Amino acid sequence: MPKPIYVLNGPNLNLLGVREPHIYGKTTLDDVRGLCEVRAAALGHAIDFRQTNSEGTLVDWIQQARTDAAAVVINPAGYGHTSVAVLDALKALTIPIVECHLSHLATREDFRRKTYVSLAATGLVSGFGAKSYELAIEAAADLISRAAS
Ligand code: DQA
């Protein structure tokens with residue numbers, strides 16, 4: 001059984017669609033899950049899509065990805081800007097990591113312009129709304145196939 005791409009979502013992303021829709025759009029997290037499933041399936045991959053508001057749970061899932069995932073797509077949300085623990089967990093991975101944000105971080109408040117996650121990620125997709133996730137899945141699939149060849 002091939003390993004899935006983990007798509008991990010941090011705090012407040014459960015409120016997607018109703019939370020600051022002028023910034024994050026009206027697409028719900030369930031809609032995003034559907035988009036990711038379709039895009040991944042078209043590329044021959046399954047996904048394991050999760051969301052948590054808890055930093056420790058996010059760390060646990062990243063640790064689990066060491067053995068159970070082919071790649072990680074992560075939208076760490078606010079923890080991206082604050083969590084050394086999430087960074088340290090990601091640094092323990094040897095699989096591709098794609099950081100994903102709905103909004104365009106480089107154009108937002110100063111504190112959002114850097115994330116700890118970027119220090120561990122292969123690359124970053126930011127600013128395309130829900131489409132950021134589809135692009136991140138494509139990047140992850142590409143990195144998986146490059147690693148296999
Ligand atoms: C976000 C950007 C973060 O700065 C913010 O804390 C979020 C969402 C995004 O997807 O644009 O919760 O990760």
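Note that ligands are numbered from 1 as they come in the structure, with each ligand's atoms numbered from 1 the same way. Keep in mind it's a predicted model, so treat the numbers as computed, not measured.
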**Request:** Using atom types as modelled and distance alone, determine if a side-chain donor or acceptor of Lys3 lies under 3.5 Å from a backbone N or O of Thr67.
**Result:** yes
**Which residues share a side chain to side chain donor-acceptor pair (under 3.5 Å) with Asp88, sequence neighbours left out** = none
Put together the list of close N/O pairs, under 3.5 Å, between ligand 1 and the protein, could you?
residue	atom	partner	partner atom	Å
ligand 1	4 (O)	His81	NE2	2.7
ligand 1	4 (O)	Arg112	NH1	2.9
ligand 1	6 (O)	Gly78	N	3.3
ligand 1	6 (O)	Arg112	NH1	3.1
ligand 1	10 (O)	Asn75	ND2	2.9
ligand 1	10 (O)	Leu102	N	2.8
ligand 1	11 (O)	Leu102	N	3.3
ligand 1	11 (O)	Ser103	N	2.8
ligand 1	11 (O)	Ser103	OG	2.6
ligand 1	12 (O)	Arg19	NH1	3.1
ligand 1	12 (O)	Arg19	NH2	2.8
ligand 1	13 (O)	Asn75	OD1	2.8
ligand 1	13 (O)	His101	ND1	2.8

**Prompt:** Is there side-chain contact between Arg50 and Asn9, with at least one heavy-atom pair below 4.5 Å?
**Reply:** no
**Prompt:** Which ILVMFWY residues are connected to Val86, directly or by a chain of links, through side-chain heavy atoms under 4.5 Å apart?
**Reply:** Tyr6, Leu8, Leu58, Val59, Trp61, Ile62, Val72, Ile74, Tyr79, Leu90, Leu93, Ile95, Ile97, Val117
**Request:** Assess whether atom CZ of Arg19 is packed by more than 12 heavy atoms of other residues, nucleotides or ligands within 6.0 Å.
**Result:** yes
**Asked** Got a sec, which hydrophobics cluster with Ile47, joining ILVMFWY side chains under 4.5 Å apart, including via others?
**Response** Ile5, Val7, Leu13, Leu16, Ile23, Tyr24, Leu29, Val32, Leu43, Phe49, Val73, Val98, Leu102, Val125, Phe128, Tyr133, Leu135, Ile137, Leu143, Ile144
